[in-house]
2 protein chains.
Amino acid sequence: MKPSVGIREVAQHAGVSNATVSNVLNRPDVVAPATRQRVLAAIEELGFVRNESARQLRAGRSRVLAYVVLDAANPFFTDVARGVEDAAREAGFALFLCNSASDEGREREYLELLQEQRVEGILITPVDADNARLAERGTPVVLVDREATDGARCSVAVDDVLGGELAVTHLIENGHTRIAMVGGPLSIQQVRDRREGAMRALTNAGLPEEALTFLDTRGLQVAEGRGAGERLVGLPASRRPTAAFCANDLLALGLLQSMTQQGLRVPDDLAVVGYDDIEFAAAAAVPLTSVRQPRDQLGRTAAQLLLAENEPDHEHRHVKFQPELVVRASTAIRR
Amino acid sequence: MKPSVGIREVAQHAGVSNATVSNVLNRPDVVAPATRQRVLAAIEELGFVRNESARQLRAGRSRVLAYVVLDAANPFFTDVARGVEDAAREAGFALFLCNSASDEGREREYLELLQEQRVEGILITPVDADNARLAERGTPVVLVDREATDGARCSVAVDDVLGGELAVTHLIENGHTRIAMVGGPLSIQQVRDRREGAMRALTNAGLPEEALTFLDTRGLQVAEGRGAGERLVGLPASRRPTAAFCANDLLALGLLQSMTQQGLRVPDDLAVVGYDDIEFAAAAAVPLTSVRQPRDQLGRTAAQLLLAENEPDHEHRHVKFQPELVVRASTAIRR
DNA sequence: CCTCGATGTTGAAACGTTTTAACACCTGAG
DNA sequence: CTCAGGTGTTAAAACGTTTCAACATCGAGG
């Protein structure tokens with residue numbers, strides 16, 4: 001079935017040595033044009049495909065980066081991935097995407113596999129920050145959308161505390177004094193930070209901590225947002241918040257959907273702020289106010305930091321971007 | 001920096017031969033419990049990570065599948081990918097996602113790379129059907145969401161002609177006689193098939209071909225949908241369609257957005273049908289009528305076909321699923 | 001005519017695993 | 001006491017590349 005045509009067969013077929021074939025593949029300029037043509041013809045004719053395992057084994061380096069993503073179904077991450085890929089391609093690397101789907105186990109397995117594959121570097125938005133440490137046996141790792149707490153790796157993040165503050169400050173300015181924050185689980189750093197920002201906004205405005213009701217979710221998907229919506233509506237009217245800050249646009253979209261289904265109006269009955277400003281936020285039933293992150297740039301710089309990692313005297317850097325509030329109909333001023 | 005700890009060092013450290021270490025790694029049951037413990041301890045202590053390149057080179061097989069996706073930013077594909085991954089994991093394989101981003105060149109590069117990596121199999125939703133043929137030098141390939149025209153590979157598809165027919169028949173039943181179809185480029189098989197289905201619906205209803213205006217787009221992204229919306233509104237009122245069938249939910253969402261911006265109402269001024277029924281379709285400004293495909297199952301069966309590929313007497317199969325129309329507000333009956 | 005440098009080509013030694021066949025050892029049956 | 005059979009372990013040969021030092025060949029400069 002597979003005659004397994006290797007560099008040897010090509011060499012023989014072209015009447016040269018394997019070394020020459022290898023040279024044609026890797027340093028074409030060093031071999032005489034005539035022989036080069038002959039070798040290329042042989043390659044073509046035999047349908048030779050270089051065995052990357054062997055190459056990598058000998059050469060020691062690979063040509064791929066990997067990005068282990070928290071949730072491939074979240075457009076935010078695919079946008080970041082796009083940035084990563086663009087930067088990677090410019091440097092001659094390919095990108096493999098792995099989806100941990102917020103599962104610690106999967107995440108660990110992928111990290112293990114990628115190290116075994118000896119990929120040139122790993123980008124990761126971790127479920128479990130400790131997992132990322134696993135990879136410290138040689139493969140460079142850069143944290144994406146999360147700040148590295150120790151100085152052991154680079155990271156590219158966005159100021160999530162500030163983001164939360166922006167969102168909730170906006171709601172307070174619009175006159176809301178009972179605000180819900182939807183998100184979870186709290187084991188996710190982003191959720192914690194954004195909540196902290198929300199708290200800070202309250203403090204700044206002189207509101208008590210109780211002004212914020214935290215609605216815990218099991219994840220950051222649309223379905224969880226819908227669930228939160230139902231719980232929210234179930235609250236006694238006197239205690240029910242008039243605005244909600246969601247840790248995520250997916251949650252916000254779910255919440256929105258649930259509101260409409262239950263006959264409540266956004267923003268009149270409930271103002272909603274999302275986070276990430278994914279493309280669908282603007283196309284939602286009620287266009288969503290959201291905290292925008294520089295997704296593309298996040299990805300690009302992450303890739304660049306990763307590629308700089310094996311420069312001689314590399315120092316781990318922590319880049320932090322600023323988020324920005326994009327106001328839309330879902331928080332139009334209350335009448 | 002990298003002391004490059006290999007199986008040799010582990011063996012030495014544990015006082016056994018490399019063969020035994022290899023056995024611990026691959027056939028733990030064959031080695032005596034005492035030595036196994038010793039070896040495992042050594043592995044742990046030295047932080048040994050198996051070199052997959054070497055393993056693969058010698059063992060001949062890898063443990064990963066790859067899915068080359070047309071557009072990682074389209075939730076439809078990430079949902080399919082989810083199905084693929086679930087099936088792959090059950091069989092003990094990991095999945096690498098590659099994004100061709102509708103670019104023939106990228107697609108070709110990824111296919112080349114994946115073959116060089118000797119992945120166990122490739123799933124692909126191709127930009128260019130010919131590219132998929134490239135991989136015919138040994139690596140099994142399964143087409144996803146596209147029917148293989150020749151008998152050379154397996155494929156898993158959904159009946160796109162039927163889907164188009166369902167959508168447009170629904171519009172006709174709602175009283176529309178001037179219908180736009182938004183999509184492109186026509187080099188994409190899906191777009192052609194869905195248009196053909198639309199045509200068939202016209203014929204079935206005894207409408208002339210001119211009842212369908214084809215609005216060509218350069219891609220299947222939200223932005224293209226917005227562009228089409230502007231062109232649509234630019235048409236003279238007498239010729240302007242009263243309904244639009246989009247090749248894609250992303251296009252439909254873009255179209256929707258553009259309508260709202262330009263002060264037209266959906267479905268009153270323009271009814272809209274999308275395709276794929278992605279999660280965001282239901283959460284859109286006007287909940288979107290859409291043609292649903294069994295995304296998850298599509299992915300699962302594709303992976304299963306791929307894994308069956310190296311069974312002794314394998315025959316290429318072509319599985320075809322049926323789409324289903326989901327009616328929502330964007331095509332509510334006209335008054 | 002000899003030497004030198006430049007230009008192409010090559011033989012052979014890696015790279016770090018898996019795998020096969022052989023080997024050592026032990027136990028229990030004869 | 002021997003032998004068959006089982007149980008663990010191992011030496012050594014792959015796997016298909018890249019790379020390095022060495023080797024031809026040739027034209028030019030002395």
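Just so we're on the same page: letters track the sequence lines, and every chain starts at 1.
Between the B:Arg317 side chain and the B:Cys154 main chain, no donor and acceptor come within less than 3.5 Å of each other. Between the side chain of B:Glu120 and the main chain of B:Ser62, a donor-acceptor pair closer than 3.5 Å is present. The main-chain N or O of A:Val69 is found under 3.5 Å from a side-chain atom of A:Ser100 such that the two form a donor-acceptor pair.
Residues from residues 26-41 of chain B placing a heavy atom under 4.0 Å of any atom in DNA chain C, listed by number, are B:Asn26, B:Arg27.
Contact check, A:Arg55 against D:dT18: a side-chain N or O comes under 4.0 Å of OP1 or OP2. Dashed line: the shortest gap from a side-chain N or O of B:Ser22 to OP1 or OP2 of C:dT17 is not under 4.0 Å. Distances shorter than 4.0 Å separate some side-chain N or O of A:Arg50 from OP1 or OP2 on D:dT18. Between B:Ser17 and the phosphate of D:dT9, there is no side-chain N or O to OP1/OP2 separation shorter than 4.0 Å.
Annotation: side chain of B:Gln56 is not in contact with side chain of A:Glu52 (no heavy-atom distance under 4.5 Å). Side-chain contact between B:Leu46 and B:His13 is present, with at least one heavy-atom pair separated by less than 4.5 Å.
Rounded to 10°, the angle separating the first-five-pair axis and the last-five-pair axis of the helix from C:dC1-D:dG30 to C:dG30-D:dC1 equals 60°.
Here A:Phe96 contributes atom CZ and A:Ile122 contributes atom CD1; the two are 13.0 Å apart, rounded to the nearest 0.5 Å.
Taking only distance into account, the side chain of B:Arg58 never meets the base of C:dT17 through a donor-acceptor pair shorter than 3.5 Å.
The existence of a salt bridge linking A:Arg153 and A:Glu147 is excluded, since no basic side-chain nitrogen approaches an acidic carboxylate oxygen closer than 4.0 Å.
By the neighbour-count criterion of 12 heavy atoms within 6.0 Å, atom CZ of A:Arg218 is sparsely surrounded, having that number or fewer from other residues, nucleotides or ligands.
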